[in-house]
There are 2 protein chains.
Amino acid sequence: MSDRRQISMAVVRRLPKYHRYLLELISNDVDRISSKELSEKIGFTASQIRQDLNNFGDFGQQGYGYNVKELYNQIGNILGLNETYNTIIIGAGNIGQAIANYSNFSKLGFTNQAIFDKNPKLIGLKIRDIAILDVEFLEDYLKKNNIDIGILCTPREQAQEITDTLVKNGVTAIWNFAPIDLQVPDNVVIENVHLSESLLTLTYRLNEPKLLHDIKK
Amino acid sequence: MSDRRQISMAVVRRLPKYHRYLLELISNDVDRISSKELSEKIGFTASQIRQDLNNFGDFGQQGYGYNVKELYNQIGNILGLNETYNTIIIGAGNIGQAIANYSNFSKLGFTNQAIFDKNPKLIGLKIRDIAILDVEFLEDYLKKNNIDIGILCTPREQAQEITDTLVKNGVTAIWNFAPIDLQVPDNVVIENVHLSESLLTLTYRLNEPKLLHDIKK
DNA sequence: AAGCAGTTGTTAATATATTAACTATAATGT
DNA sequence: ACATTATAGTTAATATATTAACAACTGCTT
Ligand SMILES: NC(=O)c1ccc[n+]([C@@H]2O[C@H](COP(=O)([O-])OP(=O)(O)OC[C@H]3O[C@@H](n4cnc5c(N)ncnc54)[C@H](O)[C@@H]3O)[C@@H](O)[C@H]2O)c1
Ligand SMILES: NC(=O)c1ccc[n+]([C@@H]2O[C@H](COP(=O)([O-])OP(=O)(O)OC[C@H]3O[C@@H](n4cnc5c(N)ncnc54)[C@H](O)[C@@H]3O)[C@@H](O)[C@H]2O)c1
């Protein structure tokens, strides 16, 4: 019987970490690993590791453990890395350029096909051989090209409008760096990278001891 | 009695979002808001909002709701934004420069005091008036200056070594962009921004419907 | 001034996530 | 071949997080 329980985000967010640690094991020529050993490296409990993996299949073998290479490939497949992805970046500012310049994403199967901006000073420039195009042509471009993921790097004010254009033209995944919660239909997936929020959790924790001491109930 | 229960990260990660929405309300001249109204905007349940806030104090008033400005300030204080922070960036590449160029952090009280790199081509250049220094002088610099937060933007291979230098010289908070789990003593707080992991959760979700259908139990 | 509607703080119930315990099985050594 | 050990998969127990319920209180209306 197929089993369509949806996997919780808590589990999903651990998967890339398994993937990363398994790659490290491969590069150290480790062939097999038990949940217990992996537990000690990765910092999850052995039980959690077995639970997590079992959501997706029986990848291990009793008395033996997991074959590192096979598990790495399986998790890669679960994460969708058996496919390749066409991306575009909208907003060629600080973050947009940083992402465009990062070469490692292509190793994972991501190909950035275009960059869009509205600033005439940027339009026409190239980043790693990809020209920055006028955002005016975004809709047109989307109609002619099959884009899987939109990487949204514009200021907050423009983010929803760009999102609407992306969604209207068939993009179903958005990696969003703007500090806003985008409105999209149910079939579109969004992953937010809210850097300021991330930074504020750090200052929270820096001050927490003092803070909790001061709270009187 | 003071009450030192430690607040769960689930709660802490929601706090910056409250802060952001409250600022938006302020800029829309909204004076007061109930947990129910806020719930509709922010997308948490009203119950959760009241629970979250009550961890830190009695900020609302029955029959009235919350005073927006006051709550905004309270949450700012909880997040440590009543203090200011000196930061340094280590690694002046794509991400390091993107962060250095971003002007909004200073509005929140973060002052980037220096940038370090080991690439001679970068050393001496300036980003928003801050010179890029030779990382050789990092330790020396830390001994002479009071730095609250290290922003780690080097490649993975160098990240632990830089971390050790930071920690050894009194830095107790690290905002880490390198794809590695840093080892630090208990008193040091780390916030990871693992961009590749974030992107992989997106591809996971793009493929999830097909994936779960294929899993046979 | 009294009563009603609205809303919090708080406690209780439920749901979810994590950890532990157990069972079945495979690998290994004698 | 058999016994022993290791270890996954799975079920059960526990812990955590979320949601719901409700009593206490406030502000507003009449
Ligand atoms: N850089 C950071 O460290 C940082 C930190 C936190 C949040 N963010 C967020 O990330 C996003 C990008 O930040 P950034 O620092 O790269 O900003 P940036 O100003 O450097 O870049 C934004 C780019 O978007 C372009 N743009 C504006 N409107 C556009 C439109 N309609 N279509 C296409 N392009 C458009 C601008 O011309 C600019 O080049 C912002 O929303 C910002 O709030 C950035
Ligand atoms: N740019 C991205 O989109 C992206 C995505 C995912 C992860 N990351 C991670 O973020 C980190 C930075 O990425 P990037 O794209 O900015 O890389 P980058 O190569 O552009 O920049 C790294 C910088 O660190 C400097 N450096 C190297 N060793 C150093 C040392 N010991 N001390 C000081 N500086 C040193 C290099 O000279 C370089 O300027 C990396 O760990 C990378 O894996 C980046």
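Residue numbers begin at 1 in each chain, while the letters A, B, ... track the order of the sequences. Only heavy atoms go into these numbers, but all of them, side chains included; no hydrogens, no water, no symmetry mates.
Nearest heavy-atom pair, Y18(B) versus I42(B), reported as atom, atom and distance to 0.1 Å: CD2-CD1, 3.6 Å. For the residue pair R50(B) and S35(B), the shortest heavy atom distance occurs at NH1-OG, 3.0 Å.
For dT8(C), neither phosphate oxygen OP1 nor OP2 lies less than 4.0 angstrom from any side-chain nitrogen or oxygen of N54(B). Phosphate contact (OP1/OP2 of dA8(D), side-chain N/O of S35(A), threshold under 4.0 Å): present. The phosphate of dG9(C) (OP1 or OP2) has a side-chain N or O of Y66(B) nearer than 4.0 angstrom.
Looking at residues two or more places apart in sequence or on another chain, you find a side-chain hydrogen bond (donor to acceptor under 3.5 Å, both in side chains) between Q113(A) and N86(A).
Between the CG atom of D52(B) and the C1' atom of dT18(D) there is a distance of 10 Å, given to the nearest Å. Following rounding to the nearest Å, E37(A) (CD) and dT7(D) (P) show an atom-to-atom distance of 7 Å. Distance CZ (F56(A)) to P (dG9(D)): 13 Å, rounded to an integer number of Å. Atom CG of D31(A) is separated from atom P of dA27(C) by 15 Å (rounded to the nearest Å). For the pair N55(B) CG and dG9(C) C1', the computed distance is 12 Å after rounding to whole Å. Atom pair L53(B):CG and dT8(C):P shows a separation of 9 Å (rounding to whole Å applied). In this structure, F59(B) places its CZ atom 14 Å from P of dT8(C), rounding to the nearest Å. Note: CG (N67(B)) to P (dT7(C)) measures 15 Å, nearest angstrom.
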For this session: Give the intermediate values and the outcome of side chain to side chain donor-acceptor pair (under 3.5 Å) for residues D164(A) and Q160(A).
Result: CA-CA 6 Å; D164(A) 294 343; Q160(A) 184 62 57; 2.9 Å; yes
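Pairs of residues two or more places apart, or lying in two chains, that qualify as salt bridge (Lys or Arg N to Asp or Glu O under 4.0 Å) and include a residue from residues 166-191 of chain B are K17(A)-D181(B), R20(A)-D181(B), R205(A)-E191(B), R13(B)-E191(B), E139(B)-K168(B).
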Heteroatom pairs (N/O) under 3.5 angstrom, protein to nucleotides 25-30 of chain D:
| residue | atom | partner | partner atom | Å |
| --- | --- | --- | --- | --- |
| dT26(D) | O4' | Q62(B) | O | 2.9 |

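A heavy atom lying under 4.0 Å from DNA chain C marks the following residues of residues 43-51 of chain B, by number: R50(B), Q51(B). DNA chain D is contacted by R14(B) of residues 9-24 of chain B, taking any non-hydrogen atom closer than 4.0 Å.
Atoms CD1 and CD1, from I26(A) and I33(A) in turn, are 11.0 Å apart once rounded to the nearest 0.5 Å. Rounded to the nearest 0.5 angstrom, L202(A) CG and L79(B) CG are separated by 11.5 Å. The CG atom of D117(B) lies 11.5 Å from the CG atom of L138(B); values are rounded to the nearest 0.5 Å.
Heavy atoms of other residues, nucleotides or ligands lying less than 6.0 angstrom from NZ of K210(A) number 12 at most.
In this model, no donor atom of one side chain and acceptor atom of the other lie less than 3.5 Å apart for Q48(B) and D52(B).
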Only pairs under 3.5 Å count here: list side-chain donor-acceptor contacts from residues 95-110 of chain B, not counting sequence neighbours, and write none if there are none.
| residue | atom | partner | partner atom | Å |
| --- | --- | --- | --- | --- |
| Q97(B) | NE2 | A92(B) | O | 2.9 |
| N101(B) | ND2 | N94(A) | OD1 | 3.4 |
| N101(B) | ND2 | Q97(B) | O | 3.2 |
| N104(B) | OD1 | K107(B) | NZ | 3.3 |
| S106(B) | OG | S103(B) | O | 2.8 |

